[in-house]
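First up is the structure itself, then whatever we jot down about it.
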Amino acid sequence: MPKMKAAIFIKPGRIVLDEKPIPDIGPLDALVRITTTTICGTDIHILKGEYPVAQGLTIGHEPVGVIEKLGSSVTGFREGQRVIAGAITPSGHSSACLCGCLSQDGPGEKHGFKAIGGWKFGNTIDGCQAEFVRVPDAMINLAPVPGALTDEQVLMCPDIMSTGFSGAERGGVKIGDTVAVFAQGPIGLCATAGAKLSGATTIITVDGVLERLAMSRSLGADHTVNFHETDPVAEIMRLTDGRGVDVAIEALGAQSTFESALRVLRPGGTLSSLGVYSSDLTISLGPFGAGLSDLSIVTTLCPGGKERMRRLMSTISTGRVDLRPLVTHRFKLDQIEQAYELFGHQQDGVLKVAITP
Ligand SMILES: [Zn+2]
């Protein structure tokens, strides 16, 4: 059986590069040869044992590659075509998908819904930090890459850009809105870019790393707040003349940023939460308006599927956004353990790494 290299979860604290068989595919699948992939903050949660996955699973959910082989029932694609697939790979036929909740896909469930069920790569099936990946439901999930775009130009589409943009979209950002974004890691930076594309005219971003605040300005922030220097809530209320923001996007997954996001909302505003939380949240009575302040709190898991990927790539090919600066470091697949070390410890100003064969 032909083998390939893959980054495999062994136990908490250990993801290693090893050999495993090249995946078999079913009639609706595709085998994609990976040409570029990356490591996500979620993979670090897996590495640390904070998010459980099966021992022996191949990690990674951000594939850019070439179709190596198509399942016998797949039409509309050809072998050799450059494609991406979203981090979330919905079946397309569950009740959740038919309700538009592609990320909560539950095709085998009694009611057709499964929380986080759309996230399969590197979670419930083998992922793409490998030479090859099996893409399930290929006709729903393969998105051809426009010829003019490089791998690095589209590398953020499967997850970071889709998730970040959805922070603005799910928050209902409108033309002329004032938006605050808490945390400017890769997803927060994409939320900033998404808020700008959605028409926000005042964008205030919060982080504690100077390079990230500088990148934030280049992607659309009008004001940046360094939480080491000033209290973000007081500063945002000062910048908005005491009014607060229309939409506050939380892009970290912590009580402190969630609460700050709530505290800077104008009455009737929307808190759009993107972070992955690892402990219970509490909501303070005052900022919650005792339940009477017409607030909305929305949460989002990265949208996937080929139409989502097409839309994201269209914003890149038309020059509306350029996320190449987020790729700060490059490694070969053979060096992926080093890449985990650097990315996991946020060394050397890393934002995202590109991993190539
Ligand atoms: Zn991710």
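Counting convention: from 1, in listed order, for ligands and their atoms alike.
- Within the protein, the N, O or S atoms sitting under 2.8 Å from the Zn ion (ligand 1) are Cys40 SG, His61 NE2, Asp159 OD2.
- Take Lys69 and apply the side-chain contact (heavy atoms from CB on, under 4.5 Å) test, not counting sequence neighbours, and it matches Ile25, Leu31, Glu79.
- Looking at every heavy atom in both residues, Gly60 comes nearest to Asp43 through N-OD1, 4.1 Å.
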If you look only at distance, which donor and acceptor atoms sit under 3.5 Å apart when one is on a side chain in residues 107-122 and the other is two or more places apart or in another chain?
from: Trp119; atom 1: NE1; to: Phe121; atom 2: O; distance (Å): 2.8
from: Lys120; atom 1: NZ; to: Thr89; atom 2: O; distance (Å): 2.8
from: Lys120; atom 1: NZ; to: Asp105; atom 2: OD2; distance (Å): 2.9

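- Residues satisfying the side-chain contact (heavy atoms from CB on, under 4.5 Å) criterion with Asp231, sequence neighbours excluded, are Val233, Ala234.
- The backbone N or O of Val64 lies less than 3.5 Å from a partner atom in the side chain of Thr35, making a donor-acceptor pair.
- Side chains of Asp159 and His61: a donor on one and an acceptor on the other come within 3.5 Å.
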